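Only one structure is covered here, and it is reproduced in the block below.
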Amino acid sequence: MFNLVPLVIAFPVAGVLLNLAFGTRIREPITGIIASVISGLAFAVSVLLLLALISQPEGAIVSLGEWIQVGGLSISWSFRVDTLSVAMMLVVTGVGTLIHIYSIGYMHGDARFTRFFVYLNLFLAAMLLLVSADNFLLLFVGWEGVGLCSYLLIGFWFDKPGGEGWRNSSAARKAFLANRVGDAGLLLAMFAMFWVFGSLNFADVLGQAEETLAVGAPLATLISLLLLLGVTGKSAQIPLFVWLPDAMAGPTPASALIHAATMVTAGVYLIARTGVLFALSPVAQGMVVLVGTCTALLAASIAVGQNDIKRVLAYSTISQLGFMVAAVGMGAYTAGLFHLVTHAFFKALLFMAAGSVIHGVAHGFGHAGRGEAFDPQDMRVMGGLRSKMPVTFWTYIAGALALAGLPPLAGFFSKDEILLVAFEHYPLAYVALTAAAFLTAFYIARQMLMVFFGKGRTQAAAHAVESGRYMLIPLIILAGLSVIGGALNLPGVHTLGGWLEHTTHEAEAGAFNAGVAGVSTALALLGFGLAYMLYGRRPVGERDPLEGALFNALRNKWWVDELYDRIVVRPYNCLSRLAAGFDRTVIDGAGLRLARLMIWLGETARITQTGQLNWNVAGIVGGLLIVLIIVVLGRGA
Amino acid sequence: MNPAVPVSLIIVPLAASPLPYLIGRLPRRIFLTPRWIALAALAVVWVVFALMMRDYVAPVTLQFEAVAFQVDGLSLLLAALALALGTLAVIYSGPYMAGQTGEEKYYALLLVLTGAMIGLACAADLFNLWVWFEAMVICTYLLVAFYRQRPTSLEAGVKYLVQSAVGSVLVVLGIALVLAQTGTLDLAAIRQATGDATLMPVAGALFLIGFGVKLAIVPLHTWLPDAYAESPSGISAVLSGVVTKAGLVALLRVAAALAGITLSWGVLLMAFGTLNILVGNLLALRQTQIKRLLAYSSMSQIGYMLLGLGIGIYTGESSGIQGGLFHALNHGLMKGLAFFAVGAVLYALGRLSGGEHTLGIGDLRGTARRYPLIGLALTLALLSLGGVPPLAGFMSKWQIFAAGVGTGTGWIDALVIFAALNSVLSLAYYLPVINMLFQDSSSTAGQTARCLPVAIVLPVVLLAVAMLVVGLWPGALMWLTQPATSALMAAFGGL
Amino acid sequence: MTPLHVAATGALVLLGIGLYGLLALRNLIKVIIALQIMVKGVVLALVAAGSISGQINLGQSLAVTLIVADTIVAVVGLALAVQVRRRFGSLDVQELSTLRG
């Protein structure tokens with residue numbers, strides 16, 4: 001049964017090829033349906049693997065053969081089936097399939113409909129390679145693959161008119177560059193691991209780590225910190241988180257799949273996978289907790305000040321990723337992965353519901369038909385959509401309550417488990433994370449109130465219509481999962497914990513603490529109440545009720561982008577200009593001269609090809625003479 | 001192993017070769033065309049080859065009176081390549097050669113050519129080796145000059161014939177010398193014998209130059225661009241993909257037999273290899289006709305093979321030899337693919353009947369848009385030839401370079417660095433072609449282009465897939481290169 | 001001077017004449033004749049080699065095979081020459097140089 005694992009990747013690859021080869025010949029919904037079915041097949045295979053794992057929880061390694069063999073480096077096409085990787089596969093393919101279906105509706109009428117699905121399938125293949133790889137190089141291939149797909153999808157509408165296309169492609173470049181910085185960390189970590197362990201296989205590296213390196217060994221810290229750099233890039237943590245909000249330029253299903261549910265959690269997966277290494281370095285673990293906690297709080301605060309519906313969710317994602325990273329930093333892998341799974345449910349839901357809202361409002365704008373500048377993602381133009389888009393509204397409520405962590409929704413259990421571990425071991429982090437949880441409740445309530453309640457503030461909002469069934473069915477399914485998802489790992493039962501224990505080295509889960517749960521629930525309710533006081537009782541106009549210096553800072557994202565511009569981008573540009581000058585005059589000059597020399601040599605060589613038969617025979621005779629001379633002279637040797 | 005199996009491997013294509021001719025000569029057209037007969041014959045050969053591979057454990061020797069055959073790893077490697085490209089060329093030539101006068105001769109000659117190359121691969125004595133070599137060469141004379149009405153085709157044929165014949169004469173002269181010195185022609189027996197310390201190396205030199213004409217080592221290469229560019233594209237693919245390798249195998253066989261007595265073959269091969277890499281690249285650099293460009297690129301690729309083999313023979317390490325043989329196989333795939341793809345464009349432009357047959361690089365403009373598969377395949381082939389990872393050509397070059405660096409000898413390191421730099425230089429002529437393929441607007445000729453039949457697309461796709469597989473999984477050809485390497489190592493006396 | 005020496009010298013002389021012809025002659029027919037002269041030298045060398053090594057039968061059978069193969073080459077060459085005369089209107093190999101560079 002375990003031998004099926006290559007199929008998980010082979011199916012999406014087949015989907016890519018199918019749609020590439022025939023995509024131009026078949027009509028619009030078909031390509032999307034093909035891609036969705038492919039994704040569903042991958043999900044089915046994951047379920048089969050799950051069933052196999054239940055009877056044989058230690059899993060297996062499936063090897064297809066050698067890939068690279070150079071010197072001491074030996075890399076094979078081998079995949080790891082264990083509780084961790086299959087859990088990730090289920091999330092990726094399960095949520096992925098729903099998002100595929102949703103996209104059929106969302107991308108309807110787009111000129112590059114097929115291309116979108118090719119990218120989505122390609123992303124699935126890369127993401128599944130990432131989570132199923134059995135060595136770091138294969139993982140890195142997947143890691144880069146998802147980065148590429150992310151880039152392609154953020155810049156998907158690169159040709160929109162009026163400067164928007166340029167902004168989209170700039171966002172794609174920004175994401176790519178920020179990720180490259182992180183990738184460099186991962187690469188260096190791989191070099192260091194190969195240097196220390198002589199191998200890149202998980203079994204070799206993670207199996208030998210405890211014997212080779214002592215606790216607190218500088219090398220363990222170095223490797224772990226380099227891995228952390230990779231994580232901050234892919235999972236949008238401080239200091240590299242700035243790309244994720246801009247990544248919202250991509251189509252909303254891509255944001256849901258890549259920039260909320262799956263790809264950005266790759267960093268969390270990486271830390272959980274390499275937990276042995278982090279466990280050897282208390283310093284690195286502390287750093288992970290610090291990074292995660294600060295990110296959670298900072299991003300949650302920024303989300304309060306945003307007016308773009310997707311940007312709020314983007315900062316919310318960063319903040320929630322901070323929770324997960326902090327959790328795995330504390331060694332609470334189950335809590336981190338539990339939150340990863342529930343977050344995948346409710347954040348994918350929120351994004352897709354937001355997409356539905358955007359669709360509805362844009363449609364309404366088309367209906368109201370006035371030519372003024374209009375941004376269908378701006379929450380200030382919405383309001384009162386509760387009655388216009390009832391399904392979207394109710395599913396949104398489910399997602400929002402789960403995100404805010406109200407019992408008994410999925411987010412409550414997973415977030416509570418993180419807070420519990422923090423409460424027991426990292427009191428400072430506990431305070432910060434609880435504060436972030438309060439802000440979370442506040443900003444999501446603010447968003448709901450601005451979007452769905454009150455009266456429509458524009459004609460567009462007033463004429464908004466509900467989306468079609470391709471989009472609504474996945475929403476309903478995900479809403480259900482967001483409500484009951486907590487059942488995966490109920491306190492006292494710990495289904496997920498027992499499952500993952502076969503793979504990760506877990507710090508044992510603490511008992512349910514009514515105090516911690518009570519405080520966070522109370523704070524969430526307080527956040528809701530406060531939001532209602534500010535936004536619920538009177539219509540929100542141009543001027544935000546919170547308007548002031550602090551709110552200004554939040555709206556401007558604490559000026560982090562501007563700061564990076566000052567200390568990184570501008571000095572770098574300056575340096576580049578200098579280097580470019582050097583390059584043009586010295587390097588290119590030399591290159592140009594070399595090229596001219598080569599061209600001259602080439603032209604000269606062509607003269608020897610006279611096309612004359614006698615000359616050709618002379619070549620043979622000359623060659624014979626030369627070899628004869630060499631042979632006769634060199635005969636003693 | 002049943003001796004009938006290796007024998008029928010050689011006999012079947014030869015025995016079947018008159019059939020396409022006779023069928024084609026029938027007064028009335030019947031259901032069976034010459035091409036289908038040829039394909040059926042090759043299918044039988046494939047079955048025999050599969051049987052052969054199934055039972056192959058160790059080299060098999062067969063003796064018929066004075067004629068000796070030996071089937072070893074090297075034979076199988078060349079036989080596999082000859083069969084593969086021969087079959088693809090027959091499939092490909094269906095639409096490509098349709099309506100040409102003498103179609104029936106074409107397929108008959110292709111069959112003989114394939115059989116002769118398999119025979120050459122299995123020959124175990126010197127004269128036998130030469131006879132097969134000569135049979136192969138004569139077939140190619142006729143195929144190169146196949147377009148008899150075209151002056152340039154004739155010109156290429158004449159030059160090819162005269163130069164090959166001179167090389168052939170030198171080989172026979174070498175055979176005479178060896179016979180006079182050792183009294184035997186059996187390759188294994190020659191290895192044991194001793195001869196005059198001057199005359200035997202002279203014989204070695206004669207073999208190197210004689211077979212070297214077919215290998216297109218500089219300065220014997222002058223026939224090559226003409227022959228490759230002027231023959232039908234299917235033949236270009238076979239010439240470049242297999243016939244040069246047949247020359248290489250013949251040279252290696254003889255070199256191994258003379259390994260004990262004469263000159264250091266390794267150094268000579270490395271020297272000619274390096275020279276070929278450089279001169280091939282320089283000649284290709286300013287070339288504007290795509291088929292000539294590919295021909296010159298073949299010269300430089302042959303240089304890499306010689307370099308790898310030379311390193312292996314010089315040091316006695318198997319990795320260099322394996323790298324060289326691996327590159328020979330890969331080059332068969334890549335160059336076969338490149339010529340097939342270019343031929344497809346020629347076909348699409350309708351340049352086959354009108355007498356004009358040259359294809360400038362500019363004519364490729366916009367190919368990728370009109371024929372995405374062909375454009376992609378040609379791009380992959382060119383990138384692979386240029387040694388861009390992770391394509392097949394990179395893998396074998398890498399193995400050659402790694403073998404060279406592994407020797408730890410300073411001047412070999414220098415040669416390797418030189419060869420690697422030349423790989424970069426080669427991109428200087430591959431990339432403009434690729435650029436042209438992906439240009440937005442079609443050439444004027446391209447706008448009137450017609451659809452491509454399956455028989456032309458199929459070989460292109462098959463070779464492209466094979467190349468990709470080999471690039472991602474270099475071990476895929478190990479079953480051919482491994483026995484060939486050990487056969488060659490054994491022939492050189494374990495070194 | 002033994003007969004063998006005569007044969008070896010003769011072979012070398014024939015080869016030399018043939019090579020000179022290939023390098024200097026311009027008429028395609030003459031070039032083919034020069035090629036033939038070379039081959040005849042090699043035939044002589046083969047027979048002599050058989051005689052030297054005491055394998056007269058082997059040497060002679062090789063010589064016969066070579067003559068057969070060579071005849072085919074000559075026929076093909078002459079056929080090409082006929083076509084060249086027809087298409088180019090000349091047998092001058094110097095004019096047969098449209099393919100260059």
Side-chain angles (χ1 to χ4, degrees), chain B residues 66 125-128 130-131 133-135 137-139 141-142 144-145 148-166 168-185 193 195 222-223 225-227 229-230 283 286-289 292 358, chain C residues 4 8 11-12 15 18-19 22 28 31-32 34-55 57-59 61-63 65-66 68-70 72-77 79-89 91 93 95-101:
Chain B
D125 72 71
L126 247 173
F127 200 76
N128 193 3
W130 177 81
V131 169
F133 185 77
E134 195 66 13
V137 172
I138 289 172
C139 290
Y141 295 155
L142 295 167
V144 165
R148 268 174 307 163
Q149 72 283 12
R150 272 229 325 276
T152 48
S153 180
L154 282 175
E155 182 188 333
V158 165
K159 287 184 204 163
Y160 179 51
L161 182 134
V162 172
Q163 287 183 256
S164 291
V166 172
S168 195
V169 164
L170 297 180
V171 170
V172 185
L173 191 59
I175 293 175
L177 273 179
V178 170
L179 178 61
Q181 293 296 308
T182 64
T184 178
L185 290 177
T222 36
W223 60 273
D226 302 358
E230 294 309 316
L283 282 169
R286 301 291 283 167
Q287 190 51 248
T288 52
Q289 280 177 39
R292 279 180 92 80
T358 53
Chain C
L4 277 179
L12 279 180
L15 275 169
L19 265 186
L22 283 175
L28 185 52
V31 166
I32 292 170
L35 208 53
Q36 287 299 305
I37 294 176
M38 274 185 89
V39 176
K40 296 304 167 282
V42 181
V43 169
L44 202 52
L46 269 183
V47 176
S51 164
I52 289 171
S53 62
Q55 306 250 24
N57 288 342
L58 183 56
S61 58
L62 298 190
T65 319
L66 174 58
V68 172
D70 173 59
I72 302 175
V73 175
V75 167
V76 174
L80 284 180
V82 170
Q83 294 289 341
V84 166
R85 178 76 176 80
R86 202 174 282 167
R87 308 283 167 199
F88 283 81
L91 279 171
V93 292
E95 284 177 29
L96 215 59
S97 60
T98 56
L99 300 167
R100 58 175 85 189

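All of these numbers come straight from a predicted model, not from anything done at the bench. Quick note: numbers below take in every heavy atom, side chains included, and nothing from hydrogens, waters or symmetry partners. Chain naming here is simple, since letters A, B, ... match the order of the sequence lines and numbering starts at 1 in each.
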request  = For Glu155(B) and Thr98(C), indicate whether the former's side chain and the latter's backbone hold a donor-acceptor pair under 3.5 Å.
outcome  = yes
task = List the atom of Lys159(B), the atom of Leu96(C), and the distance in Å for their closest heavy-atom pair.
result = CE-O, 3.5 Å
Please tabulate, for the side chains in residues 48-55 of chain C, all donor-acceptor contacts under 3.5 angstrom to protein atoms that are two or more places apart in sequence or on a different chain.
residue  : atom : partner   : partner atom : Å
Ser53(C) : OG   : Ala49(C)  : O            : 3.0
Ser53(C) : OG   : Gly50(C)  : O            : 3.3
Gln55(C) : NE2  : Gly183(B) : O            : 2.5

inquiry  = So, taking the atom named CG in Leu19(C) and the one named CG in Leu170(B), what distance separates them when rounded to the nearest 0.5 Å?
reply    = 7.5 Å
note = Output for pair (Leu99(C) CG, Thr222(B) OG1), nearest 0.5 Å, gives 12.0 Å
request  = Could you tell me the separation between the CD1 atom of Ile72(C) and the OH atom of Tyr141(B), rounded to the nearest 0.5 Å?
outcome  = 11.0 Å
query = Taking all non-hydrogen atoms of both residues, which atom of Leu66(C) and which atom of Trp130(B) are closest, and how far apart?
reply = CD1-CH2, 3.2 Å
remark   = Heavy-atom closest pair (Leu173(B) atom, Val42(C) atom, distance to 0.1 Å) is N-CG1, 3.8 Å
inquiry  = Give me the atom names and distance for the closest heavy-atom approach of Leu62(C) to Leu179(B).
reply    = CD1-CD2, 4.3 Å
remark   = Scanning both residues in full, the closest heavy-atom pair of Pro151(B) with Arg87(C) reads CG-CB, 4.4 Å
remark   = Cut-off 4.5 Å, heavy atoms of chain B, and the answer for Arg100(C) is backbone
note = Between Leu154(B) and Val84(C), the two heavy atoms sitting closest are CD1-N, 3.9 Å
remark   = Counting heavy-atom pairs under 4.5 Å with chain B, the top scorer among Leu22(C), Thr65(C), Val47(C) is Thr65(C)
